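One structure below.
Everything numeric here is computed off the predicted structure, so don't read it as measured data. Side chains included, hydrogens not; waters and symmetry mates left out as well; all remaining heavy atoms used.
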Amino acid sequence: MKLELALPVLGLLLCVADTVAQQNPFTVVISKTKVTLTCPLDEGVTWKKEGQDLKITDSIYEIEEYESSKNDGEYTCGATGNPLKLHLKAKVCESCEELDVLTVAGVIIADLLITLGVLILVYYFSKNRKGRVGGSAGVHPRGQKMVRPPPVPNPDYEPIRKGQREVYAGLQSRGF
């Protein structure tokens with residue numbers, strides 16, 4: 001069989017095996033320190049933990065005060081001939097608060113709207129400041145703009161005039 005044909009067949013087999021394996025999944029619900037296990041079977045349910053019978057015949061098994069050290073492990077439920085297994089390792093906390101999806105979505109949307117409002121305010125106020133001249137009022141004359149005269153040349157950098165070479169006579173040109 002060629003490799004090109006084997007890969008799609010292998011992918012199809014994995015999908016079928018995954019679908020068959022997930023026909024009867026357990027339901028695990030964690031709320032603060034309470035853990036609830038629901039067996040997918042309806043009739044003849046017996047619960048066992050690590051092979052020891054828990055003496056519960058209901059399809060729902062609740063652990064009120066879950067502790068990782070003593071409650072983690074492998075749980076089985078179902079009839080003696082065909083038990084279903086679940087390995088449970090959960091973390092719980094007393095002070096945790098549960099939020100529904102609408103509350104979280106509302107907080108995110110409100111945050112985005114507040115941020116958008118701040119951006120619009122900053123844009124509006126920065127747009128109005130662009131037309132102003134200068135930073136403080138009353139410093140610049142109102143009316144015609146005054147033309148400034150050209151700056152006075154610095155006497156330290158005056159050009160060499162003919163007849164004034166004695167000031168610079170001691171300077172020798174250096175060749176590099």
Beyond-backbone contact of L99 with V107, side-chain heavy atoms, under 4.5 angstrom:
no

Would you say V104 ends up clustered with L112 if hydrophobic residues are merged whenever their side chains have heavy atoms under 4.5 Å apart, either directly or through other cluster members?
yes

Could you list all the ring-ring contact (aromatic ring centres under 6.0 Å, His included) pairs where at least one residue sits in residues 27-58, not counting sequence neighbours?
W47-Y61

State, to 0.1 Å, how close D72 and A90 come at their nearest heavy-atom pair, and which atoms those are.
OD1-N, 3.5 Å

Applying a strict under-4.5 Å side-chain criterion to I, L, V, M, F, W and Y, I'd like to know whether L86 and L54 cluster together.
yes

When rounded to the nearest 0.5 angstrom, what distance separates NZ in K32 from CD in E97?
4.5 Å

Pick from Y123, F125, Y124: which one makes a side chain to side chain contact (heavy atoms under 4.5 Å, CB included) with L121?
F125

Can you measure from CG (L37) to CD (E62) and round to the nearest 0.5 angstrom?
9.5 Å

Got L88 and N71 here, is their nearest side-chain heavy-atom distance under 4.5 Å?
no

Looking only at heavy atoms, the pair that brings C77 and F26 closest together is SG-CE2, 3.5 Å

Can you name the nearest heavy-atom pair linking P40 to L84, along with the distance?
CG-CD1, 3.4 Å

Determine whether V28 and Y75 make a side-chain contact, defined as any pair of heavy atoms from C-beta on separated by less than 4.5 Å.
no

Just how far is it from atom CD1 of I63 to atom NZ of K34, taken to the nearest 0.5 Å?
11.5 Å

I need the K85 NZ to T76 OG1 distance, nearest 0.5 Å.
7.5 Å

Using modelled atom types and a 3.5 Å cut-off, is there a donor and acceptor pairing between side-chain atoms of E50 and backbone atoms of E74?
yes

